[in-house]
Amino acid sequence: MAQAMAGDEPAYCSLLVELSQHLRAFCRRRLAHMPAEVEDLVQETLLAIHNQRHTYDPGRPFTAWAHAIARYKLVDLLRRRSRREMLTDGLDHESELLGDTDLDASEAARDLGLLLQTLPDRQRLPIVHVKIDGLSVAEAAARTGMSVSAVKVGIHRGLRALAARLSNDR
């Protein structure tokens, strides 16, 4: 590494080849349960060593410095994987979260319909046409005979009333 830092390109190439082999073995031992991650970790470590080569002190052992960087990269990888696994862990049983039958969807539609029926037409119809049927505000205005502004106000007030009703039911 000292020669590479002094500008010796062949020494740097040789260092990278030997270091790659050494890091591959180092990573393989630590990632026996995740063999697909070994090569990515080796490449990340080599890149980090290249980017941090100016911090290497030639008076100290090179392998200790390189292993420290490799350990940091390994910890980063394990943290990323554990976060990703924590995020997806609860989704193994998505049917519990989302409902797995058409009955659930029909019950939700019925409940929504009953809730909307509690609103006056000037609030319910704009919500149904725009938010449920997917019409534009202008199309909903034309269908209901209301102005565009009245449709927007109806949606806003209706949603606010529904939110208030739901928070009171808790």
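Reckoned from all heavy atoms, side chains included, excluding hydrogens, waters and symmetry mates. Quick caveat: nothing in here was measured; it's all calculated off a predicted structure.
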Steps toward side chain to side chain contact (heavy atoms under 4.5 Å, CB included) verdict (Leu41, Leu23): CA-CA 9 Å; Leu41 183 59; Leu23 286 173; over 6 Å; no
Are side-chain heavy atoms of [X] and [Y] found at a separation under 4.5 Å?
X	Y	value
Met34	Leu78	yes
Leu74	Leu31	yes
Thr45	Leu19	no
Arg71	Val75	no
Gln123	His156	no
Glu18	His22	no

Please find the pair of heavy atoms, one from [X] and one from [Y], that lie closest to each other, and give the distance.
X	Y	value
Ala66	Ile49	CB-CD1, 3.9 Å
Val42	Cys27	CG2-SG, 4.0 Å
Pro126	Ile155	CB-CG1, 3.6 Å

Linking I/L/V/M/F/W/Y whenever their side-chain heavy atoms sit closer than 4.5 Å, directly or via other members, would [X] and [Y] fall into one cluster?
X	Y	value
Leu115	Ile132	yes
Val153	Val137	no
Leu112	Val128	yes
Leu125	Ile127	no
Leu166	Leu114	no

Not counting sequence neighbours, which residues clear side chain to side chain contact (heavy atoms under 4.5 Å, CB included) with Ala142? List them please.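 So Ala142 forms no side chain to side chain contact (heavy atoms under 4.5 Å, CB included) with any residue.
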Partners of Leu16 by side chain to side chain contact (heavy atoms under 4.5 Å, CB included), sequence neighbours excluded?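 In terms of side chain to side chain contact (heavy atoms under 4.5 Å, CB included), with neighbours along the sequence ignored, Leu16 is linked to Tyr12, Leu46.
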Using ring-ring contact (aromatic ring centres under 6.0 Å, His included) as the criterion, list what pairs up with Phe62, not counting sequence neighbours.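 Result, ring-ring contact (aromatic ring centres under 6.0 Å, His included) vs Phe62: Tyr56, Trp65.
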Under the ring-ring contact (aromatic ring centres under 6.0 Å, His included) test, which residues partner Phe26, sequence neighbours left out?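 For Phe26 the ring-ring contact (aromatic ring centres under 6.0 Å, His included) partners, ignoring immediate neighbours, are His67.
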Sequence-distant partners of [X], side chain to side chain donor-acceptor pair (under 3.5 Å), two or more places apart:
X	result
Arg24	Glu39
Thr118	Arg165
Arg124	Asp121

Which side-chain N or O atoms in residues 1-10 pair as donor and acceptor under 3.5 Å with protein atoms at least two apart or in another chain?
from : atom 1 : to    : atom 2 : distance (Å)
Asp8 : OD1    : Ala11 : N      : 3.3

Atom NE2 in His33, atom CD in Glu37: separation rounded to 0.5 Å?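 Interatomic distance, His33 NE2 to Glu37 CD, rounded to 0.5 Å: 9.0 Å.
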Which residue pairs satisfy the side chain to side chain donor-acceptor pair (under 3.5 Å) criterion with at least one member in residues 125-134, sequence neighbours excluded?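 Residue pairs with at least one partner in residues 125-134: there are none.
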Sort and list the pairs that fulfil side chain to side chain donor-acceptor pair (under 3.5 Å) and have at least one residue in residues 137-154, not counting sequence neighbours.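 Listed once each, the pairs are Ser136-Glu139.
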Within residues 40-62 or reaching into it, pairs that qualify as salt bridge (charged side-chain N to carboxylate O under 4.0 Å, His left out) - sequence neighbours excluded: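 Counting only pairs at least two positions apart or across chains, the salt bridge (charged side-chain N to carboxylate O under 4.0 Å, His left out) contacts touching residues 40-62 are Glu44-Arg80, Asp57-Arg60.
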